[in-house]
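Structure record follows, encoded as C-alpha cells.
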2 protein chains.
Amino acid sequence: MNEVVPPKTPEAVEPKTLVEGAYQRLRRDIIEGVHAPGEKLRVEHLKDRYEVGAGTLREALLLLVTDALVVAQGQRGFRVSPISIEDFEDITRTRLLLETEALRQSLQLGGEDWEAAVVAAFHRLSRAEQKLGDNDSLAAEEWERRNRAFHEALIAASPSRWIRHFQHILYQQSERYRRLSLFSHPIPRDIHAEHQALFNASLARDTTRATSILTEHVLRTLDAVKLLPAEFFAGKQKS
Amino acid sequence: MNEVVPPKTPEAVEPKTLVEGAYQRLRRDIIEGVHAPGEKLRVEHLKDRYEVGAGTLREALLLLVTDALVVAQGQRGFRVSPISIEDFEDITRTRLLLETEALRQSLQLGGEDWEAAVVAAFHRLSRAEQKLGDNDSLAAEEWERRNRAFHEALIAASPSRWIRHFQHILYQQSERYRRLSLFSHPIPRDIHAEHQALFNASLARDTTRATSILTEHVLRTLDAVKLLPAEFFAGKQKS
DNA sequence: TCTTCTATAAATCTCGAGAAAAATCCTTGA
DNA sequence: TCAAGGATTTTTCTCGAGATTTATAGAAGA
C-alpha cells in the first residue's frame with residue numbers, strides 16, 4: 001500500500017530515540033543562545049528541562065561535542081563552547097577555504113538534478129526573504145533553514161563527503177554568530193541581491209565569479225560581527 | 001617544592017575518567033584494525049573486553065563518533081566506520097587542502113619556538129626511522145607517533161584552530177589506511193629523504209617548495225593504497 | 001522451493017541510585 | 001579583616017536492571 005508522504009522541510013529529521021530528541025533540542029537552544037557561550041551545562045538541572053534521564057542527557061551532550069557546540073572536561077562536566085571574534089574569523093576563513101573548493105567542484109560536476117535542486121532551493125529562499133523584515137522570529141527561523149539549504153544545495157554536487165561534513169559543522173557554528181549580528185545593523189545589505197548574483201553565476205557555471213561572490217557574501221557577515229561591542233563575546237564563566 | 005616531571009611523549013594524555021580510558025583503547029583498536037571497518041560494535045560484548053559498564057562504553061562510542069571512527073544509527077547501535085578507496089582519496093585531498101594552507105601560514109608566522117619544536121620533532125622522527133625496518137611493531141608504533149608529531153609541529157604556528165582540528169581528524173583517519181599499505185610495498189620510497197626535503201624547505205621558509213613536497217609526500221601514500229587489492233576494502237557487513 | 005507470518009532471542013535504549021570527585025561554605029586562628 | 005583548613009553540599013561519574021525495539025529462527029501456506 002502506498003502511503004502519502006507529506007512534503008517535509010529538509011533537516012526535519014524525526015528523532016528515533018530520546019537521545020536524538022534531546023540532542024536536537026539542545027543544539028537548537030545553544031545556537032539560539034538560550035544557553036549562553038561558556039555557560040556550564042549541569043546534567044541534574046537540564047534533565048528536568050528536557051525531560052530525560054541523567055544518562056540520556058549525558059549522551060546528548062556527548063553528541064554535541066561532535067558539532068563542537070559543547071566541550072567536555074573530565075570530572076568537570078560540560079560547557080557551551082565559548083565564542084570570540086577571533087574564533088569567528090577563523091570559522092569564516094576556514095569555511096571559505098572549504099566552501100569555495102566545493103563550489104568549484106559542484107559547478108564542474110553538477111548535472112540536471114543538481115541544477116533543479118539549486119533552482120528549487122533558491123526559489124524557497126527568495127520566498128522566505130520576501131516575508132522577512134516584519135521582525136517575525138518564526139519567519140527568521142524559516143529563513144535560516146532555507147539559507148542553509150541553499151548554500152548546501154550549491155555544493156551538493158561536490159564529491160567530497162569530508163568537505164561537506166566540515167562545511168556543515170562550520171556553517172552551524174557561524175549561525176551562533178550570525179544571530180548576534182541581528183542585534184545591530186551597521187552594514188546595510190541587500191542580501192537577496194547577493195544571493196541572486198550567486199545563483200546566476202552558479203547556473204552559468206562561471207566558477208571564478210561564483211566563488212568571488214560567495215567570498216564577498218560570507219566576509220560581509222564577518223564584518224558585521226566585527227563591529228559588535230566586545231560585551232557580546234564576554235561569555236559566562238560560571239553558572 | 002619542585003617536582004621532577006618525567007619527559008612525556010606527546011599525545012600520552014592520562015585518562016581522567018573511565019570513559020576516556022575506554023575511548024582511548026577503543027580508538028587505538030579501531031585504527032589498528034582490531035575491530036574491522038564496517039564491523040558491528042555490540043555494547044554487551046565490548047563492555048567485558050574493556051572492563052566497564054554498558055553506559056560507560058556507550059559514552060566512549062559516542063566520543064568516537066566525533067573522530068568519525070564510529071557511526072551511530074538510532075535503535076541500531078554502533079559500527080566501525082567503513083573504508084573505501086574513494087574515501088581515502090577524499091581524505092587525502094581534503095587533508096592536503098587544509099594542511100598546505102596551514103603550512104603556508106606556519107612558514108610565514110612561525111617564530112623561534114616553532115622552529116625549535118620542528119627541529120626537535122624532526123630529530124626524533126629521524127631516530128625512529130633508523131630503528132625501523134626490522135619488522136618491529138613496537139618501533140613502527142613509535143614511528144607513527146613521531147611522524148604525526150612532526151607533521152603537527154610543522155603546522156603548529158598556523159593561527160587557525162579549526163584547520164588544525166580538522167587536520168587532526170583527517171590524519172587519524174588516514175592512519176587506518178596507511179596501516180593497510182604496510183602489507184604491500186609496491187612503491188619503493190625513501191621516506192626519510194622526503195621528510196628531510198620537507199624539513200629543509202620549511203626551515204628555509206620556502207613556501208612554494210615546502211607545500212609542493214608535502215603534496216607529493218602525501219599523494220605517494222595514496223598511490224600505495226590504490227594498488228592494494230579490493231578485498232582490503234570489503235568490510236564486514238555483519239558480526 | 002520460496003514467501004510470509006509468527007514466536008523467540010538478542011541487542012539497544014532508558015532510568016534511578018550509589019560511589020567518587022569537585023566546588024562551596026563555614027569555622028578557626030592570626 | 002583576611003587567610004587557611006576542614007566539613008558540607010553539589011555535581012559528576014559509574015553501574016546494573018527493566019522496557020522497548022530490532023534481528024533471528026521456525027512454522028504455515030502457496
Side-chain angles (χ1 to χ4, degrees), chain A residues 1-3 13-27 29-30 35-66 69-82 235-239, chain B residues 1 13-27 29-30 35-66 69-82 235-239:
Chain A
M1 187 183 287
N2 278 334
E3 271 185 60
V13 184
E14 216 59 29
K16 294 299 176 201
T17 169
L18 284 184
V19 174
E20 283 177 38
Y23 160 72
Q24 289 183 7
R25 282 184 291 158
L26 257 166
R27 182 180 58 186
D29 285 347
I30 289 175
H35 303 298
E39 180 181 325
K40 194 132 189 359
L41 294 168
R42 290 191 186 80
V43 175
E44 287 302 314
H45 296 182
L46 267 49
K47 79 191 189 76
D48 299 327
R49 188 190 212 292
Y50 295 96
E51 298 168 304
V52 292
T56 303
L57 193 81
R58 278 183 62 85
E59 293 197 7
L61 288 169
L62 250 11
L63 274 181
L64 284 162
V65 172
T66 302
L69 290 170
V70 164
V71 288
Q73 315 173 60
Q75 298 288 22
R76 287 198 203 168
F78 301 89
R79 270 181 187 285
V80 179
S81 298
K236 296 187 182 177
Q237 292 304 318
K238 300 197 173 186
S239 172
Chain B
M1 185 184 287
V13 184
E14 216 58 30
K16 297 296 175 205
T17 168
L18 284 184
V19 174
E20 283 177 37
Y23 160 72
Q24 290 183 6
R25 283 183 292 157
L26 257 167
R27 182 179 58 186
D29 285 347
I30 290 175
H35 303 298
E39 181 180 322
K40 195 133 189 358
L41 295 167
R42 290 190 186 80
V43 175
E44 287 301 314
H45 297 181
L46 266 48
K47 79 191 189 75
D48 299 326
R49 189 190 212 293
Y50 295 96
E51 296 169 306
V52 292
T56 303
L57 192 79
R58 278 183 62 85
E59 293 197 5
L61 288 169
L62 252 9
L63 275 180
L64 283 163
V65 172
T66 302
L69 290 170
V70 164
V71 288
Q73 316 173 62
Q75 298 288 22
R76 288 200 204 168
F78 302 89
R79 268 180 190 284
V80 179
S81 298
K236 296 186 181 178
Q237 292 305 318
K238 300 200 172 184
S239 166

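Computed over heavy atoms, backbone and side chain alike; hydrogens, waters and symmetry mates excluded. The chains referred to below are lettered A, B, ... by the order of the sequence lines, with proteins before strands, and numbering in each begins at 1.
In this structure, of D:dA23, D:dT12, C:dC15, it is D:dA23 that holds the atom nearest to the side chain of B:Arg76. For B:Phe78, the side-chain atoms get nearest to C:dC13 when compared with the rest of C:dA22, D:dT11, C:dC13. Residue B:Gln75 places its side chain closer to C:dT12 than to any other of D:dT11, C:dT12, C:dA22. Closest to the side chain of A:Glu59, out of D:dT12, C:dA11, C:dT14, is C:dT14. The side chain of A:Val43 approaches D:dT12 more closely than any other nucleotide in the set D:dC15, C:dC15, D:dT12. In the set C:dT14, D:dC15, C:dA22, the nucleotide with an atom closest to the side chain of B:Thr56 is D:dC15. In this structure, the nucleotide among C:dT14, D:dT11, C:dA11 sitting nearest to the side chain of B:Arg42 is C:dA11.
Checked options B:Leu69, B:Leu63, B:Val70; the residue passing with B:Arg27 is B:Leu69 (criterion: side chain to side chain contact (heavy atoms under 4.5 Å, CB included)).
Between B:Lys40 atom NZ and D:dT24 atom C1' there is a gap of 14 Å when expressed in whole angstrom units. Taking atom CG of A:Leu57 as the reference point, atom P of C:dC13 lies 16 Å away to the nearest angstrom. Whole-Å rounding puts the B:Lys16 NZ to D:dT12 P distance at 19 Å.
Using a 4.0 Å heavy-atom distance criterion, B:Gln73 is classed as a sugar-phosphate-only contact. Residue-level contact check: A:Glu44 touches the bases, meaning some heavy atom is under 4.0 Å from a base atom. Base contact: B:Arg58 has a heavy atom under 4.0 Å from a base atom. Among the atoms of the strands shown, none is found under 4.0 Å from any heavy atom of A:Gly55.
No side-chain heavy atom of A:Glu59 sits under 4.5 Å from any side-chain heavy atom of A:Tyr23.
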